[in-house]
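What follows is a single structure, written as structure tokens, with notes after it.
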Amino acid sequence: IVQEQQDAAKNPDGGYVHYSWPKFIGSTPLPKISYVLGIPEWGWTIGAGIYLDTIETDIRTKKIALNMGIRKKILNSAAVMLLLLLLIYFWSRRVSGQITRAIETFSLSLVKSSADNTAVNPMDLHLREFRDIAALTNEMITARKRAKEEIKQLSQFRELIIDNANIWLNVFDEKGNVVIWNKAAESISGYTKEEVVGHGEIWEWSYPDEKYREEMFNKATAIIEKHEVLEDFETTIQRKDGKKRDMSWHSRNLVNDQGNPMGSIALGRDVTERKRAQKALRENEEKFTRLKKMESLGLLAGEVAHDLN
């Protein structure tokens, strides 16, 4: 990890490092992302990191709080509207047909506003009371639009983090269907998000060998149902173009607020080039060993020939 941080710090603009680290001594390591920056003049490397589950928890907490606020506003607004409609109903029984026509006009405006999510035009109403109601309705519509925009921005923020992570990230539901598939997953596998999200065919595409696929799927099922956690678990996948890639996985299950499993999240690194380099290094070491043996045999043969002479 330190070596990866030092390598990232060599970049003048710093860099990101993905790894797993326990939050507490003795606890299970969790996925973490850190940003490091080097200060060559002092020979320092500084950085800051955050656990991915902290981001997910923060997003989930904010989303829950936002939804609760929206529900509260809707209930309050509904109560106000109900009270106002009751007042309108009793008042309408005491006034003339002009008030009745005003109610009909107001009702049509509300229906149009609900359908189109547009503000009520107070100029369409002839009585001050209905104009006040229209103003309140417009405030409700504005608040609802603002809440929807906040939820949208929160979702975009989450998707931005996931999509721009330079490590394969995907989420499966409890049945093994793809729910999230980021850009790194697209780049490594060759399959776009549109091709894989919503079903589980990626298992057959990535692991065409039936026996191997069954083994991998059973492992994924154990993560979801038995709370197993994978660390540096290596598999070989087949890309869309038919090429093979070696992957190292970190995976754990996801649970809902009741603690019931609802799927799993997986982080994957392409270690193909690293394994090739390791293989080449072993082969070179074996060649060097053979050359040393041949050199020793040559020296021995020379000594024997010298003694015979």
Side-chain angles (χ1 to χ4, degrees), residues 1-11 13-38 44-68 150-151 153-174 178-188 193 219-220 222-235 247-271 274:
I1 294 174
V2 173
Q3 183 61 50
E4 290 182 2
Q5 290 178 339
Q6 291 177 347
D7 292 341
K10 293 178 182 179
N11 190 328
D13 296 327
Y16 292 93
V17 179
H18 296 265
Y19 58 95
S20 294
W21 194 262
K23 286 188 175 181
F24 309 101
I25 296 176
S27 63
T28 301
L30 298 174
K32 186 175 183 181
I33 181 173
S34 292
Y35 175 79
V36 294
L37 180 67
W44 287 10
T45 298
I46 60 174
I50 187 172
Y51 288 93
L52 295 182
D53 66 337
T54 301
I55 298 175
E56 295 171 0
T57 301
D58 186 45
I59 292 174
R60 183 166 57 250
T61 302
K62 290 183 178 180
K63 187 174 181 180
I64 291 173
L66 188 59
N67 287 335
M68 291 179 64
E150 290 176 355
I151 293 176
Q153 291 178 359
L154 188 62
S155 299
Q156 289 175 343
F157 176 71
R158 181 193 65 185
E159 292 174 0
L160 182 65
I161 293 176
I162 293 174
D163 277 343
N164 288 279
N166 59 357
I167 189 170
W168 177 319
L169 188 152
N170 67 258
V171 174
F172 293 112
D173 63 17
E174 68 277 8
V178 178
V179 179
I180 294 177
W181 189 263
N182 74 345
K183 292 180 180 178
E186 291 182 330
S187 176
I188 297 174
K193 176 169 61 177
K219 179 65 70 174
I223 293 172
I224 297 173
E225 297 179 353
K226 300 180 181 179
H227 308 281
E228 290 190 10
V229 177
L230 294 185
E231 295 288 343
D232 294 320
F233 181 74
E234 293 189 359
T235 70
M247 300 294 300
S248 177
W249 299 101
H250 296 258
S251 183
R252 63 180 178 83
N253 73 335
L254 299 173
V255 297
N256 57 23
D257 295 336
Q258 289 73 41
N260 299 319
M262 55 182 292
S264 65
I265 181 172
L267 301 173
R269 292 186 298 113
D270 187 343
V271 296
R274 187 191 72 185

Report task. Applying side-chain contact (heavy atoms from CB on, under 4.5 Å), name anything that partners D173, two or more places apart in sequence or on another chain. Result -> K175, N177, V179
**Report entry** Euclidean distance, L254 CG relative to E174 CD, rounded to 0.5 Å
**Finding:** 11.0 Å
Query raised in the report: To the nearest 0.5 Å, how far apart are CG in L66 and OG1 in T61?
Result: 12.0 Å
Query raised in the report: If you look at every heavy atom in I223 and E228, which pair is closest and at what distance?
Result: CG2-O, 3.5 Å
Distance-only donor-acceptor pairs under 3.5 Å for side chains of residues 257-267, two or more places apart:
none

Query raised in the report: Where the side chain of S187 meets the backbone of K183, is there a donor-acceptor pair that is under 3.5 Å apart?
Result: no
Query - Y16 atom OH: more than 12 heavy-atom contacts under 6.0 Å - result: no
**Report entry** Straight-line distance of T45 OG1 to L37 CG, nearest 0.5 Å
**Finding:** 8.5 Å
Query raised in the report: Between atom CD1 of I50 and atom CG of D58, what is the distance when rounded to the nearest 0.5 Å?
Result: 7.5 Å
Query raised in the report: Which heavy-atom pair separates S20 from E231 by the least distance, and what is that distance?
Result: OG-OE1, 3.6 Å
Query raised in the report: Rounded to the nearest 0.5 Å, how far does CH2 of W249 lie from NZ of K219?
Result: 14.5 Å
Query raised in the report: With the threshold set at 4.0 Å, does a side-chain nitrogen-carboxylate oxygen contact exist between D53 and R252?
Result: no
Query - Those residues that, when tested against Y35, pass side-chain hydrogen bond (donor to acceptor under 3.5 Å, both in side chains) (two or more places apart) - result: none
**Report entry** Where E4 and H18 come nearest, the two heavy atoms and their spacing
**Finding:** OE1-O, 3.8 Å
Report summary line: Minimal heavy-atom distance between V36 and V17, with the atoms involved, is CG2-CG2, 4.2 Å
Query - Donor-acceptor pair between Y51 and T57 side chains, under 3.5 angstrom - result: no
**Report entry** Flag side-chain contact, heavy atom, 4.5 Å: H250 against D232
**Finding:** yes
Report task. Answer yes or no: is there a donor N or O on one side and an acceptor on the other, between the side chain of N67 and the main chain of K63, under 3.5 Å? Result -> yes
Requested in this report: Kindly indicate whether the side chain of L30, heavy atoms from C-beta on, has any atom under 4.5 Å from the side chain of L52.
Outcome: no
Query raised in the report: Out of curiosity, I64 CD1 to I59 CD1, how far, rounded to the nearest 0.5 Å?
Result: 12.0 Å
Query raised in the report: Does some side-chain heavy atom of V178 sit less than 4.5 Å from a side-chain heavy atom of F172?
Result: yes
